Number of protein chains: 2
Amino acid sequence: MDDLYRAIADPTRRAILDELVERDGQSLYELCGRLTMKHGIGSSRQAISQHLEVLESAGLVEVRREGRYKFHWFNGQPLRAIAERWPTDRNGA
Amino acid sequence: MDDLYRAIADPTRRAILDELVERDGQSLYELCGRLTMKHGIGSSRQAISQHLEVLESAGLVEVRREGRYKFHWFNGQPLRAIAERWPTDRNGA
DNA sequence: AATATAGGCAAGCCACAGCTTGCATGTCAA
DNA sequence: TTGACATGCAAGCTGTGGCTTGCCTATATT
């Protein structure tokens, strides 16, 4: 549960989530390319891989290995915990 | 906008938000006491004060100075940005 | 006026997150 | 089978986030 908040605390990881929402099931290399082109992220492949591990341990990304590729899918269900924890209207609970 | 995710990344700050939701308008000293008693947080007053600054810059806490006291109120409105950014159901967008 | 209370400011310390680098592994094509 | 491709593993560096410490300011109490 603590991993969830840490996962979305990093801007690169948030961009990864954005990318996966826009196009689900990308491989690591595909993700690196799109993050560089469309999001201006110049991190190395290893950096992105480490980010994906964090996202996976938070349950926000699901992974499936297929041959020499590793595909990633977005899962927004853990984010519900945030919306359910605190009220979002101005009048409080 | 970046401050929001950083603000809720820390467990002490999340506890502060929990406390303010439960009892709004607490002063700094009151908050320190309750955090120690009910949440098992042994941080110093300065540490809590610094956390409150982060929460305030994220718009999650509003402050009003009154005499020698400083009162704090919870505001969950910025959290909506999270719910609106990514889908929370399993089928994606 | 003197003391106590509630809080502010600033410098310093330390663990860790994010990133890189180098090399190793496994998979597919020719 | 050889080489290119996609990824994994592990050690090291560095900035910074969270915390403490020490001292200062301001408001309230007696």
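All values derive from a computational prediction rather than experimental measurement. All values below come from the heavy atoms of this structure, side chains included, with hydrogens, waters and symmetry mates left out. Order of the sequence lines fixes the chain letters, A, B, ..., with proteins taken first and strands second; residue numbering starts at 1 for each chain.
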Less than 4.5 Å apart, side chain to side chain, heavy atoms only: is that true for [X] and [Y]?
X: A:Ser43; Y: A:Leu35; answer: no
X: B:Glu19; Y: B:Lys38; answer: yes
X: A:Gln77; Y: B:Asp89; answer: no
X: A:Ile48; Y: A:Leu28; answer: yes
X: A:Leu20; Y: A:Leu31; answer: yes

ILVMFWY network linking [X] to [Y], side-chain heavy atoms under 4.5 angstrom:
X: B:Leu52; Y: B:Trp73; result: no
X: A:Leu60; Y: A:Ile41; result: yes
X: A:Phe71; Y: A:Leu17; result: no

Pairwise 5' ranking along DNA chain C for A:Gly67 and A:His51, keeping only the more 5' one: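 By nearest-heavy-atom nucleotide position, the 5'-most residue is A:His51.
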
A:Asp18 to B:Trp86 - nearest heavy-atom pair and separation: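 Minimum heavy-atom separation between A:Asp18 and B:Trp86: OD1-NE1, 2.7 Å.
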
Do any N or O atoms from the side chain of [X] and from the backbone of [Y] form a donor-acceptor pair under 3.5 angstrom?
X: B:Asp24; Y: B:Phe74; value: yes
X: A:Thr36; Y: A:Cys32; value: yes
X: A:Arg45; Y: A:Tyr29; value: no
X: B:Gln26; Y: B:Arg23; value: yes
X: B:His72; Y: B:Lys70; value: yes

DNA chain C: 5'-most and 3'-most nucleotides touching chain A, 4.0 angstrom heavy-atom criterion: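 Taking any atom under 4.0 Å from a heavy atom of chain A, the span is C:dA17 to C:dC28.
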
Neighbours of DNA chain D within residues 25-45 of chain B, by heavy-atom distance under 4.0 Å: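 Close to the strand are B:Ser43, B:Ser44.
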
Neighbours of DNA chain D within residues 2-14 of chain A, by heavy-atom distance under 4.0 Å: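 Hits under 4.0 Å, by residue number: none.
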
Contact residues, residues 54-61 of chain B to DNA chain C [heavy atom, < 4.0 Å]: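 Heavy-atom cutoff 4.0 Å gives no residues at all.
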
Only pairs under 3.5 Å count here: list side-chain donor-acceptor contacts from residues 3-11 of chain B, not counting sequence neighbours, and write none if there are none.
{"from": "B:Asp10", "atom 1": "OD2", "to": "B:Thr12", "atom 2": "N", "distance (Å)": "2.8"}
{"from": "B:Asp10", "atom 1": "OD2", "to": "B:Arg13", "atom 2": "N", "distance (Å)": "3.2"}

For chain A, the stretch of DNA chain D it reaches, first to last nucleotide, under 4.0 Å of its heavy atoms: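 The protein-touched segment is D:dC5 to D:dC9.
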
